[in-house]
Structures are given as C-alpha cells and as structure tokens.
2 protein chains.
Amino acid sequence: MIALVMTIASLRLDAFLPYRLSFTTNLVSDAVASAYEEAFGLRIPEWRVVAVVAEHPDGVTQQAIGLKTRMDKVTVSRAASALIDRDLLQRTPNPADQRSHLLMLSTAGTALYRAIVPQALALEEQIFGSFTQAERAQLVAMLRRIDAIVLARTVQAADA
Amino acid sequence: MIALVMTIASLRLDAFLPYRLSFTTNLVSDAVASAYEEAFGLRIPEWRVVAVVAEHPDGVTQQAIGLKTRMDKVTVSRAASALIDRDLLQRTPNPADQRSHLLMLSTAGTALYRAIVPQALALEEQIFGSFTQAERAQLVAMLRRIDAIVLARTVQAADA
DNA sequence: CTATATTGGTTGCATATGAAACTATAGGAG
DNA sequence: CTCCTATAGTTTCATATGCAACCAATATAG
C-alpha cells in the first residue's frame with residue numbers, strides 16, 4: 001500500500017527569514033535610536049550623516065551620502081539642514097558643481113563625533129559582546145551577501 | 001625609546017553592526033513589501049497578522065499577535081480592521097474576555113493565505129537561495145541571540 | 001458587593017518617511 | 001551660443017507609525 005502524503009506548502013512566520021531580520025533590526029534600531037537621541041539629540045539619519053561626513057575630511061555631497069547609505073535624498077537633506085542649524089555641519093561650495101555643496105564637520109561637529117564614537121562602540125559591544133570576532137565577521141558577510149542579491153534583483157526588476 | 005601610539009577611537013559606519021543590520025533589513029523589507037503589495041494588496045503588518053492568525057486555528061487575540069510580533073497594538077488594530085473590512089478575517093467573541101475577540105481567517109482569508117505562502121517561500125528562496133540550510137540556521141540563531149540580549153537589556157532599563 | 005486599578009482595543013494627534021513636483025545648475029546636441 | 005535633457009537639492013503633500021488619551025470590560029481591595 002502506498003501512502004500518499006499531501007503537503008500543503010507551509011510557513012512559520014517565526015522562521016521566515018525576512019521577518020526574523022526585520023524583527024531583530026527593529027529591536028536593535030530602537031535601542032540605538034533612543035541611545036543617540038538621549039545622549040546627543042541626534043536621530044538615526046543625522047547620526048549617519050555625521051558618520052559619513054566624518055569619514056570624508058575633504059567633504060562629501062549629499063548625493064554621495066544618499067548613495068552610500070541608501071537613505072532617501074529627502075532624508076539626507078533634512079538631516080543635513082538640522083545639523084547645519086545646530087552648527088555641527090558646514091557647507092562649502094563645491095567647485096566641481098554649483099548645485100551641490102561639500103559637507104564637512106564643523107569644530108563642534110568634530111567634537112560631537114569624537115564623543116559619539118566611543119558610545120556607539122560601547123553600545124555595539126553591549127549588544128554583540130558575546131559574539132566572537134569570527135561570528136561578527138560571519139554575520140556581516142552574510143548580510144553583505146544578502147545585500148548583493150537583493151540589489152542585483154532590484155536592478156533586474158528595473159530593467160524588465 | 002618608547003613609541004607612544006595615540007589611537008582615537010574610530011568607527012567605520014560601513015562595519016558598524018547596527019547599521020549593517022538596518023541596511024540589509026531595509027533592502028529585504030522593501031523587496032518583500034512591494035511583492036506583497038503588488039500581488040495581494042497587503043502591507044507587511046497585514047501579512048503578519050494573517051500569518052499569525054493562520055497559525056492559530058482556534059483564534060488569537062490582537063494582544064497575543066502584538067506580543068508575538070512586537071508590533072504596536074495600534075498597528076495590529078489597524079491591520080486587523082483592514083483585513084476584516086476586506087472579509088479576510090473574522091472576529092468571534094472571546095468567551096474568556098469580552099473586551100477582546102478571537103480572530104480567525106475567513107474562507108477567503110484562508111484561500112488568500114494558501115496563495116501567499118508559496119510566493120513568500122519563493123521570495124525567500126530568491127533571496128536566500130544561495131544560503132545552505134546550515135547557514136540559514138546559523139543566521140537565525142545569531143538573530144535570536146541578538147533578540148535575547150536586546151530584550152534583556154530593555155527589561156533591565158525598565159527596571160532601573 | 002462597591003470602588004479602584006488594570007487591561008484590550010480604538011481614536012486622535014504628532015512625527016517620520018518617501019514620492020512627486022519644483023528650482024537651479026550642468027551637460028550635451030545642433 | 002541656444003535649446004533640451006538630466007541631475008542636486010528643497011519643498012510640498014500623502015502615508016505610515018506610535019504615543020497618549022480614551023472607552024469598555026475585568027480583576028482586585030476593602
């Protein structure tokens with residue numbers, strides 16, 4: 001006698017990778033966001049702009065920031081103007097293109113950045129402290145693999 | 001002669017784990033969200049509610065859904081009413097507590113769910129197809145470790 | 001039993017986010 | 001050059017999200 005087993009395709013949300021990813025990220029982002037907000041009055045997009053600008057001592061355009069972080073140009077624009085209003089960021093003319101400016105940290109912005117970095121690293125340590133360096137590298141590698149796949153998929157979709 | 005090396009704490013946003021996590025999740029969530037939206041007219045919170053309800057054939061309360069998914073009760077409430085408006089979800093009285101209802105899928109809701117699951121799995125396959133089962137398990141395990149740590153941290157903070 | 005505190009869920013409001021329209025500058029094509 | 005198209009950035013508007021206030025039902029203290 002033959003046993004015919006009908007399997008209905010099934011899914012446990014709890015084990016569904018996009019869900020798990022989102023679940024964890026929300027937890028982490030909330031923790032990070034409230035830490036920055038509380039300690040420095042920065043929102044996440046602002047912190048990101050500060051970080052990217054800090055990594056480009058010769059100045060970056062908003063467009064470059066948006067490209068790198070995949071933040072919407074509106075988000076970058078608002079984060080930048082908030083930072084400029086607080087004198088943490090400076091605009092200097094971009095000799096190569098007058099539509100844009102080069103953003104650099106002001107003295108105050110540099111000081112703020114120097115103050116944030118240790119706290120950011122400490123927070124990362126609090127969360128990932130139990131991960132070995134190998135595990136962290138593994139996690140980052142997997143995330144980057146996913147990035148590459150989804151980005152390729154998106155480009156494909158845009159072509160079609 | 002002693003070389004004194006001053007190291008300023010430094011951080012590359014690109015290698016900062018909370019950032020990487022958020023970056024990847026945004027990519028994946030956008031892809032998933034547009035797939036569901038396009039194919040079924042569901043937003044992510046709605047899809048999650050459908051999925052959780054499907055896993056509880058005897059009914060679940062909104063509160064239980066919120067607890068499990070960590071979605072805000074407002075988000076759950078709105079997702080549920082949208083689904084009820086579309087006759088995908090039914091409310092039945094909760095004998096144990098008259099403030100809440102037990103949510104179950106309607107016939108149409110069950111049919112929708114059966115149609116979504118294969119697509120959701122296919123999408124997961126598109127994104128994670130190059131991951132072995134071991135790698136997927138590893139990724140999920142890491143994410144759950146992070147969840148546990150952040151949740152513990154949050155509870156601690158609430159106590160303090 | 002009442003009176004009070006708590007909890008499930010909804011509604012209202014305030015904020016965050018992104019798409020689309022717009023402005024100003026750049027970069028060709030003729 | 002002049003015209004046309006494309007791009008950097010801002011503004012406007014529509015939508016998503018979550019906190020706070022609220023209502024109704026429940027649990028607890030006296």
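The chains referred to below are lettered A, B, ... by the order of the sequence lines, with proteins before strands, and numbering in each begins at 1.
An OP1 or OP2 oxygen of D:dT12 is reached within less than 4.0 angstrom by no side-chain nitrogen or oxygen of A:Arg78. Of the side-chain N and O atoms in A:Ser77, one or more sit less than 4.0 angstrom from OP1 or OP2 of D:dT10. Under 4.0 angstrom from either OP1 or OP2 of C:dG18 there lies no side-chain N or O belonging to A:Arg70. For the pair A:Gln98 and C:dT25, the criterion of a side-chain N or O lying under 4.0 Å from OP1 or OP2 is not met. In this model, the phosphate group of D:dT10 is approached by a side-chain N or O of A:Gln62 to a distance below 4.0 Å at OP1 or OP2. Considering only side-chain N and O atoms, A:Thr75 lies nowhere under 4.0 angstrom from the phosphate OP1 or OP2 of C:dA16.
Here the C1' atom of nucleotide D:dG9 and the CE atom of A:Met71 are 15 Å apart, to the nearest Å. The interatomic distance linking B:Arg99 (CZ) with D:dC22 (C1') rounds to 15 Å, in whole Å. Regarding A:Glu46, its CD atom lies at a distance of 9 Å from the P atom of C:dA16, rounded to whole Å. Note: CD1 (B:Ile44) to P (C:dG18) measures 14 Å, nearest angstrom. Atom pair A:Lys68:NZ and D:dA8:C1' shows a separation of 19 Å (rounding to whole Å applied). Rounded to whole Å, atom C1' of C:dA16 lies 14 Å from atom CZ of A:Arg48. Rounded to a whole Å, the CG atom of A:Asp72 is 15 Å from the C1' atom of D:dA16. Taking atom CG of A:Leu89 as the reference point, atom P of D:dG9 lies 12 Å away to the nearest angstrom.
For the atom pair OG1 (B:Thr75) and CD1 (B:Ile44), the distance works out to 12.5 Å, reported to the nearest 0.5 Å.
In this structure, A:Arg145 satisfies the cation-pi test against B:Phe131, with its NZ or CZ atom closer than 6.0 Å to the six-membered ring centre and inside 45 degrees of the ring normal.
Checking B:Ser100 against B:Asn94 by side-chain atom types alone, a donor-acceptor pair falls below 3.5 Å.
Note on B:Ser81: nothing from the nucleic acid sits closer than 4.0 angstrom, heavy atoms only.
The residue among A:Arg43 and A:Asn94 whose nearest nucleotide of DNA chain C is located toward the 5' end is A:Arg43.
Under the 4.5 Å side-chain criterion, counting only non-hydrogen atoms from C-beta, A:Arg20 is in contact with B:Asp147.
When each of C:dG9, D:dT10, C:dT25 is scored by its nearest atom to the side-chain atoms of A:Lys73, the top-ranked nucleotide is D:dT10.
Side chain of B:Ser77 to backbone of B:Lys73: no donor-acceptor contact under 3.5 angstrom is found.
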